[in-house]
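Here is the structure we will look at.
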Amino acid sequence: MNDTPHRYTAELAGRIETTWQDRWEEQQLFRAPNPAGPWADPETVARFDGAMFVLDMFPYPSGKGLHIGHPLGYIATDVTARFNRMLGKNVLYSLGYDAFGLPAEQYAVQTGQHPRKTTEDNIVVMARQLKRLGMSYDDRRAIRTIDPDYYRWTQWIFLQIYNSWYDENAPREDGGRGRARPIAELVAQFESGERATPDGRAWEDLTEPERAHVLDEHRLAYTSQAPVNWAPGLGTVLSNEEVTNEGRSERGNFPVFKKNLRQWMMRITAYADRLADDLDRVDWPEKVRIMQRNWIGRSHGASVRFAVDGSETVLEVFTTRPDTLFGTTFMVVSPEHPVVDRLVADVWPEGTKPSWTGGANTPAEAVDAYRLAASRKTDIERQTEGKDKTGVFTGSFAVNVATGERVPVFVADYVLMGYGTGQVMGVPGQDQRDWDFATAFDLSIVRTVQPPPDHDLDTAFTGEGPAINSTNDGVSLDGLGVAEAKARMTQWLTEIGAGEETVTYKLRDWLFSRQRYWGEPFPVVFDEDGVAHGLPDSMLPLELPDVPDYSPKTFDPEDNSSEPEAPLARATDWVEVDLDLGDGKGMRRFRRETNTMPNWAGSCWYYLRYLDPENPDAVVDPANEEYWIGPRPAPIAGAPEGAVDPGGVDLYIGGVEHAVLHLLYARFWHKVLHDLGYLSSSEPFRKYFSQGYIQAPAYQDSRGQYVEASEVIETAGADGQPEFTWNGEPVTREFGKVGKSLKNMISPDDMYAAYGADTLRLYELGMGPLEASKPWETRAVIGSQRFLQRLWRNVVDEESGELVVGEDDPSAEVLRVLHRTIDAVRADYVSLSFNTAIARLTELNNALTKVSGGAPRAAVEPLILMTAPLAPHICEELWARLGHVESLAYEAFPVADPAYLVEDTVTCVVQVRGKVRARLEVPSDIAEDALRERALAIPKIADQVAGGVRTVIVRAPKLVNVVPA
RNA sequence: GCCCCCGUAGCCCAAUCGGCAGAGGCAGGCGACUUAAAAUCGCUCGAGUGCGAGUUCGAAUCUCGUCGGGGGUGCCA
């Protein structure tokens, strides 16, 4: 029989936790009122002290359920949500499911179940695990991307983007220029003649397909032929992330080919500048802002036009180093570039070196062979060949505009078609790639920046230095530094009409279609001329049809000529439809788009739907948007002078693996909707915090195979280092991401059973800073349980279950500890420093344990309130046992009394030359002079500075440093 | 290759503005409770901050170099 029936064991914790979880749910305690929309309750909203939107990256409902790595961020947001409720804020906090996607489809194909069934089953499992963790979600707002009521609006947003164009000259309210406008306004410009059509004909003289084609050049969502990763053996296209370094599919290890297919694209490049500039206005980790800026890859330089000798053809290059133009000794064009055809000469001209010809008899032969070889190489092969430069001479010469010299034009695959103009000027003196090419092809090298004396003579010099060899009749750069020389050269190029200042980006338009079943259908149909039409709102949602077979058609893995067949294409009854689009043309025959949207679509805007999930009339009521995420009066700390707050979610926590794509795509959509007037905020996430990973030990046997981590036995070795064995065999330990592949899965369910959810929450946040990755150690979880057991014992007698709190006033000493703790914990919660908050609470808890006569109620109650965001169940239970009827979820968070924060006396350290030599107990308000005198009067100090004092540094009241002469 | 972050006790981690290296936890040691063990409780041991310079009255903190670990990116003109 248990001696201590009221001890806080895992079993008791489990009972308490499930009881409170049910109670919270019954009382609908965490439902946040909205000011407008279907749930409008402005009176309740008015009772709060402002709004706070706390957001997690919503999960993909995997069949394996949660592991202990997942909840870290969720616990952090839950603590933040609970803390802010206690500060009087109206807190919006929920968690939906990102439920379309490839794994569900693949699992469905394997098991013969419908992906909706397996997905919904998985959601049930995850929802149970999360409820058991004690999350304070508003359950009404937990949207699922697969629900037609949700993806109706995903489709609606797609249509807004499709029906928009980017007007680079339109003024914005923030003072800049460029914003999305309805496509109808562009049509009006064409109709009125304000804007000329590409070929100059009048708009009304264009056929409908011609007009559609013109508009496609402007739409923010458009179709185009684009190269994609095609795996015939899988019957599907793959994202780049799904392709291995060896150019095979991650799943199944099938060959992957680049294939040109008609695809939907999103014109995200139109927003490149704003996506880069507005990073200054959001409160994000600097690391993530740098990653996004790198991804956008804005670079400033100049475009320069080169005449081709004896031809009308003009080559146009982009360079970030116009100052080095005098050092251009050759030109290079990408093999895929259409201009190559016009460059190929009939015969090898005089001066052609043997190494330039590739052994061919004519330039045409050489270039054809080279282009064919390049086309057969994958991107990966081009990369893995590294720095070995290959190429052939075209037989043409261009004219260096600065020197007037003829320079040979080459075709080489180190120049990429997809960046800049696909043509470069070869400047070996100041570019290592060009140097390598010049060396391989025996081309001349002219330095136009003076390298320092210690510079390696066999390499390019890319650093800062004075320009040399850079003077002609029109311009001289000699002696100028790089920045000045760039400006001077760009100015000269502009004057003579040979070039101008230019900005380029690495960012590409976003490939937006997938040949999959389990995704949002495009709300688009094609008429018999092949012209695309967006469906009218009244036809949304366009529901994903049930099909008998949702697996993609597979082919011979090596059959590059095969074409993907989207599963929806087989639903012929659905694809071929007669519709009246309401455009005055009556009932017509259409063919539906059979691609589906990528996984990103649903996750691009889910946070907006949390704001107003049941609104049938709008994606979100403008008043709700404004209330929850509208711009605030003050910009974020550290924003540039004059910056305006962009609005957005108050706190978004998620893994850094989504730092580039998801966050960038969501920002893009948000800005489009802002431009079109649907949103007052211009950024989705005002503050983003990237959490670290929890790593768990994984073990490999002598063959390098991972073994089940839970079955590994640790022993102390002869040298005191731990040794590990599995089934008696020695294994080696490493730390890695938790999961199936490393066989180190640890389920939160096991932790609930062994310790309880409150202990798990406390342990995960107590491990270290939220942003750090740290190793899981099951053995250490006990420490968090002990903390809660001590807290329990401060209130409840383990034998009898009676209250044991003292009703006397706390001592001054206890009050000082209490108020110092309040002060620190408040600050720690605000800065997400949960590990130090836990340490402070532990300290206070330990101190109360030692108070004779029982921990005083006046100290225990604030301790419980402060611990409640971290460990809500046990705190609710103790709060109730202390006689409170209401949940503590909306109790005011304790406030520190400044009177208890100041000490009467402090210990002052007295240093000699920076080394501590003595200590003084002094009044905390001691004057500098008095402190100096007292320090110098200490005999030990006086002895040490007998030779005289050079200076005394006093930092009253805590430090005196005496520097002897 | 380039860019960013991190190295503090056996382990995970603290340390406002540069001012006594230690808040908290794990493990270890000692003790209490127990017939015994586990659990629990109390007490306790423990590093001079990866390494080398520099700045400073004073450096874990700032600067430079170097080593180790992690992340991003990659022929981006």
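Only heavy atoms go into these numbers, but all of them, side chains included; no hydrogens, no water, no symmetry mates. Order of the sequence lines fixes the chain letters, A, B, ..., with proteins taken first and strands second; residue numbering starts at 1 for each chain.
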Pairwise P distance for B:U61 and B:U8, with rounding to whole Å | 13 Å
Do other residues, nucleotides or ligands put more than 12 heavy atoms under 6.0 Å from A:R508 CZ?
-> yes
Are OP1 or OP2 of B:A14 and a side-chain N or O of A:N835 less than 4.0 angstrom apart?
-> yes
In sequence, state the C-alpha distance, the side-chain angles, and the governing distance for A:D280 and A:R293, and then conclude on salt bridge (Lys or Arg N to Asp or Glu O under 4.0 Å).
-> CA-CA 11 Å; A:D280 290 338; A:R293 283 200 193 94; 2.9 Å; yes
Taking everything shown except A:E813 itself, do over 12 heavy atoms lie less than 6.0 Å from its CD?
-> no
How would you label the contact of A:D434 with the nucleic acid (heavy atoms, under 4.0 Å): base, sugar-phosphate, or nothing?
-> nothing
B:C41 OP1/OP2 closer than 4.0 Å to side-chain N/O of A:R790 = yes
Nucleotide B:G25, atom C1' - distance to CD of A:Q785 in whole Å | 14 Å
If you measure from the C1' atom in B:A9 to the same atom in B:G71, how many Å do you get, rounded?
-> 28 Å
Could you walk me through whether A:E500 and A:R305 pass salt bridge (Lys or Arg N to Asp or Glu O under 4.0 Å), step by step?
-> CA-CA 9 Å; A:E500 56 274 317; A:R305 286 177 287 278; 3.1 Å; yes
B:C2 phosphate, OP1 or OP2, under 4.0 Å from A:N294 side-chain N/O | no
With a 4.0 Å cut-off on heavy atoms, is A:L841 in touch with a base, just the backbone sugar-phosphate, or nothing at all?
-> nothing
Considering residues, nucleotides and ligands other than A:Y693, do more than 12 of their heavy atoms fall under 6.0 Å from its OH?
-> yes
For B:G7, is chi within 90° of 0 (syn) or not (anti)?
-> anti
Which residues in residues 315-327 of chain A have at least one heavy atom lying under 4.0 Å from any atom of RNA chain B?
-> A:F318, A:T319, A:T320
Just compare B:C13, B:A77, B:C12 and give me whichever is closest to any side-chain atom of A:M767.
-> B:C12
Separation of the P atoms in B:A27 and B:U34, to the nearest angstrom | 24 Å
Within the modelled atom types, does a donor on one side and an acceptor on the other bring the side chain of A:R919 and the base of B:C20 under 3.5 Å apart?
-> yes
Would you say the base of B:G19 and the side-chain of A:Q911 have a donor-acceptor pair closer than 3.5 Å?
-> yes
For residues A:R321 and A:T319, report the shortest heavy-atom separation together with the two atoms involved.
-> N-OG1, 2.8 Å
If you draw a 6.0 Å radius around CD in A:E777, do more than 12 non-hydrogen atoms from other residues or ligands fall strictly inside?
-> yes
Determine the interatomic distance between C1' on B:C45 and the same-named atom on B:U56; round to the nearest Å.
-> 35 Å
Pick out which of A:Y755, A:F834, A:F787, A:W776 makes a ring-ring contact (aromatic ring centres under 6.0 Å, His included) with A:Y763.
-> A:W776
OP1, OP2 of B:C26 versus side-chain N and O of A:R786: anything below 4.0 Å?
-> yes
Taking the C1' atom of each, how far is B:C11 from B:C64, in whole Å?
-> 32 Å
Between A:T9 and B:A39, does any side-chain N or O lie under 4.0 Å from OP1 or OP2?
-> no
A:K389 (side chain) and B:C75 (base): donor-acceptor pair under 3.5 Å = yes
Chi-based syn or anti call at B:C17, which uses purine or pyrimidine torsion atoms and a 90° bound | syn
Which nucleotide in the set B:G42, B:G19, B:A14 lies at the smallest distance from any side-chain heavy atom of A:T849?
-> B:G42
Checking A:K389 against A:F437: charged group under 6.0 Å from the ring centre and within 45 degrees of the axis?
-> no
Between B:C3 and B:U55, how far is it from one C1' atom to the other, in whole Å?
-> 27 Å
Select base, sugar-phosphate, or nothing to describe what A:V963 touches, counting heavy atoms under 4.0 Å on all strands.
-> sugar-phosphate
Distance, C1' atom - from B:G65 to B:G58, rounded to whole angstrom = 23 Å
In whole Å, what separates the C1' atom of B:C75 from that of B:A53?
-> 38 Å
